[in-house]
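These notes concern the structure reproduced below.
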Amino acid sequence: MSLGAYYELTKPGITGYVMVTAGVSAAVAGGGDLSPVLALHTVLGTGLATAGALALNQYVEREVDAVMTRTRQRPLPSGRLEPYQALRFGAGLLATGLVYLVLASGWWPAAFAALSGLAYLAVYTPLKKRSYVATLAGAVPGALPTLIGWTAATGSLDVGALALFAIAYLWQLPHVLGLAWMLRADYALVGFKLIPAGGGRLIGAHMVAATVLLLPVSLTPTLLGITGAWYFGGALLASLCFLAVAVSTARDMSEAAARKLFLASLLYHPVLLGFMLFDTVRV
């Protein structure tokens with residue numbers, strides 16, 4: 001048994017970031033008064049459920065992964081794990097994570113974790129070969145960790161939670177479009193339609209539109225009284241820089257420009273989360 005292969009199956013980089021997002025959302029929702037034990041339980045449960053969903057996605061897409069250059073060395077197409085092993089492992093992790101969240105954090109976080117897994121596996125994954133709508137739908141499970149963390153801390157869903165969700169949702173669109181543009185040849189091999197038909201100019205317009213919307217939305221936590229002036233200033237500066245990179249990419253649409261946008265997106269959201277954590281309004 002290859003423990004390394006099972007570890008890869010969980011996509012630890014993505015799982016780890018989802019855990020961070022849920023943890024920061026819980027901390028912000030708690031207004032500086034979040035129980036460390038509850039925070040730990042929420043992060044661990046989210047991580048288990050996310051890892052399970054990601055493993056199941058690789059089970060479902062094992063034949064597709066065997067075709068694309070980027071994914072050929074994953075545990076299933078490379079033969080390091082058998083499909084049934086990935087299925088049992090992924091289903092077990094997802095179920096464990098959901099039960100853990102119910103018992104340790106409550107029904108709301110578990111429900112949003114279940115919704116995230118369902119949307120990822122039953123909506124986003126099959127849509128990838130059908131329509132660009134897959135990218136728009138796929139950003140939903142990617143943003144749901146904000147609601148997992150928020151409801152774990154508060155036991156309810158309110159406008160503050162929706163603000164954090166909207167930020168995470170809009171951020172993912174240029175992030176995914178930049179990556180998809182770089183990998184468009186690989187995606188064409190398997191018929192993935194994660195970028196809109198119409199060429200680079202239209203795709204660039206979608207990138208810019210998402211970042212234009214993101215600019216005011218990123219400021220809403222302070223406008224709602226959740227964060228303070230430091231967050232507002234940091235979010236404004238970060239969003240303006242992100243928008244500038246998106247505009248520059250849309251004008252060029254070269255692979256180098258798309259890579260620059262993708263790397264900028266990897267920096268942008270963690271910066272916002274950092275400012276949120278630093279400048280949460282205490283209750």
Side-chain angles (χ1 to χ4, degrees), residues 1-18 50-87 89-90 120-139 141-142 171-204 206-207 210 245-246 248-250 252-269:
M1 181 177 68
S2 172
L3 293 179
Y6 280 107
Y7 180 68
E8 285 181 51
L9 208 59
T10 67
K11 294 187 178 179
I14 296 176
T15 296
Y17 190 66
V18 167
T50 301
L54 291 169
L56 288 174
N57 171 256
Q58 290 182 70
Y59 167 78
V60 171
E61 294 192 324
R62 60 193 183 277
E63 294 180 359
V64 169
D65 284 347
V67 175
M68 294 190 292
T69 303
R70 184 176 69 98
T71 54
R72 286 174 186 167
Q73 296 308 311
R74 284 179 176 174
L76 290 176
S78 66
R80 286 176 290 144
L81 288 177
E82 295 296 327
Y84 77 89
Q85 293 175 304
L87 177 60
F89 179 69
Y120 185 64
L121 295 168
V123 179
Y124 169 66
T125 297
L127 273 177
K128 287 163 78 172
K129 286 191 173 184
R130 298 181 183 179
S131 169
Y132 168 59
V133 173
T135 295
L136 305 178
W171 157 70
Q172 287 176 88
L173 299 182
H175 171 79
V176 172
L177 287 171
L179 179 64
W181 182 251
M182 289 189 293
L183 299 174
R184 61 191 183 280
D186 230 6
Y187 286 169
L189 292 174
V190 295
F192 281 176
K193 299 177 180 179
L194 295 177
I195 50 179
R201 185 177 295 275
L202 179 60
I203 295 163
H206 281 236
M207 292 174 176
V245 175
S248 175
T249 301
D252 183 2
M253 288 307 294
S254 66
E255 197 156 320
R259 186 176 302 279
K260 185 177 179 181
L261 176 65
F262 177 71
L263 294 176
S265 73
L266 292 178
L267 180 63
Y268 173 80
H269 196 239

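Quantities reported herein were computed from a predicted structural model and do not represent experimental measurements.
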Donor-acceptor contacts under 3.5 Å from residues 52-59 side chains, at least two apart:
from  : atom 1 : to     : atom 2 : distance (Å)
Asn57 : OD1    : Tyr120 : OH     : 3.4
Asn57 : ND2    : Thr125 : OG1    : 3.0
Gln58 : NE2    : Leu9   : O      : 2.7

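- Residues satisfying the side-chain contact (heavy atoms from CB on, under 4.5 Å) test with Ser78, not counting sequence neighbours, are Gln73, Arg80.
- Summarising the geometry of Leu121 relative to Pro126, their closest heavy-atom pair is O-CD, 3.4 Å, with the distance given to 0.1 Å.
- Checked against side-chain contact (heavy atoms from CB on, under 4.5 Å), Ser254 has the following partners two or more places apart in sequence or in another chain: Asp252, Ala256, Ala257.
- To the nearest 0.5 angstrom, Ile195 atom CD1 is 11.5 Å from Met182 atom CE.
- Partners of Arg70 under the side-chain contact (heavy atoms from CB on, under 4.5 Å) rule, at least two apart in sequence or in another chain, are Arg74, Leu183, Asp186, Tyr187.
- The shortest distance between side-chain heavy atoms of Pro75 and Tyr6 does not fall below 4.5 Å.
- In this structure, OG in Ser2 is found 9.5 Å from CD in Gln85, a value given to the nearest 0.5 Å.
- Closest of all the heavy-atom pairs between Ala197 and Leu202 is O-CD2, 3.0 Å.
- Side-chain atoms of Thr71 come within 3.5 Å of backbone atoms of Asp65 as a donor-acceptor pair (strictly under, hydrogens ignored).
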Inset, instruction - Kindly indicate, with the supporting measurements, whether the criterion side chain to side chain contact (heavy atoms under 4.5 Å, CB included) is fulfilled by Glu255 and Trp181. - result: CA-CA 7 Å; Glu255 197 156 320; Trp181 182 251; 5.8 Å; no

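- The aromatic rings of His269 and Trp171 lie parallel to each other, their planes meeting at an angle below 30°, with 60° marking the opposite boundary.
- Between the Arg72 side chain and the Val67 main chain, a donor and an acceptor come within less than 3.5 Å of each other.
- Of all heavy-atom pairs between Ala137 and Pro141, the closest is O-CD, 3.1 Å.
- Lys128 is linked by a salt bridge (charged side-chain N to carboxylate O under 4.0 Å, His left out) to Glu61, counting only residues two or more places apart in sequence or in another chain.
- Side-chain N or O atoms of Ser265 include one that pairs as donor or acceptor with a backbone N or O of Phe262 at under 3.5 Å.
- Note that CZ of Arg184 is 12.5 Å distant from CG of Leu189, once rounded to the nearest 0.5 Å.
- Counting only residues at least two apart or on different chains, no salt bridge (Lys or Arg N to Asp or Glu O under 4.0 Å) pair has a member in residues 256-268.
- Between Tyr268 and His175 the shortest side-chain heavy-atom distance does not fall below 4.5 Å.
- With sequence neighbours left out, Leu173 forms a side-chain contact (heavy atoms from CB on, under 4.5 Å) with Thr135, Leu136, Ala139, Tyr169, Leu170, Ala210.
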Inset, instruction - Before giving the answer on side chain to side chain contact (heavy atoms under 4.5 Å, CB included), spell out for Leu194 and Tyr124 the whole-Å C-alpha distance, their side-chain angles and the decisive distance to 0.1 Å. - result: CA-CA 10 Å; Leu194 295 177; Tyr124 169 66; 4.1 Å; yes

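- Taking each heavy atom of Leu81 and Leu76 in turn, the nearest pair found is O-CD2, 3.4 Å.
- Evaluation of the side chain to side chain donor-acceptor pair (under 3.5 Å) rule for Thr249 yields no partner, not counting sequence neighbours.
- Partners of His206 by ring-ring contact (aromatic ring centres under 6.0 Å, His included), not counting sequence neighbours, listed by chain and number: Tyr132.
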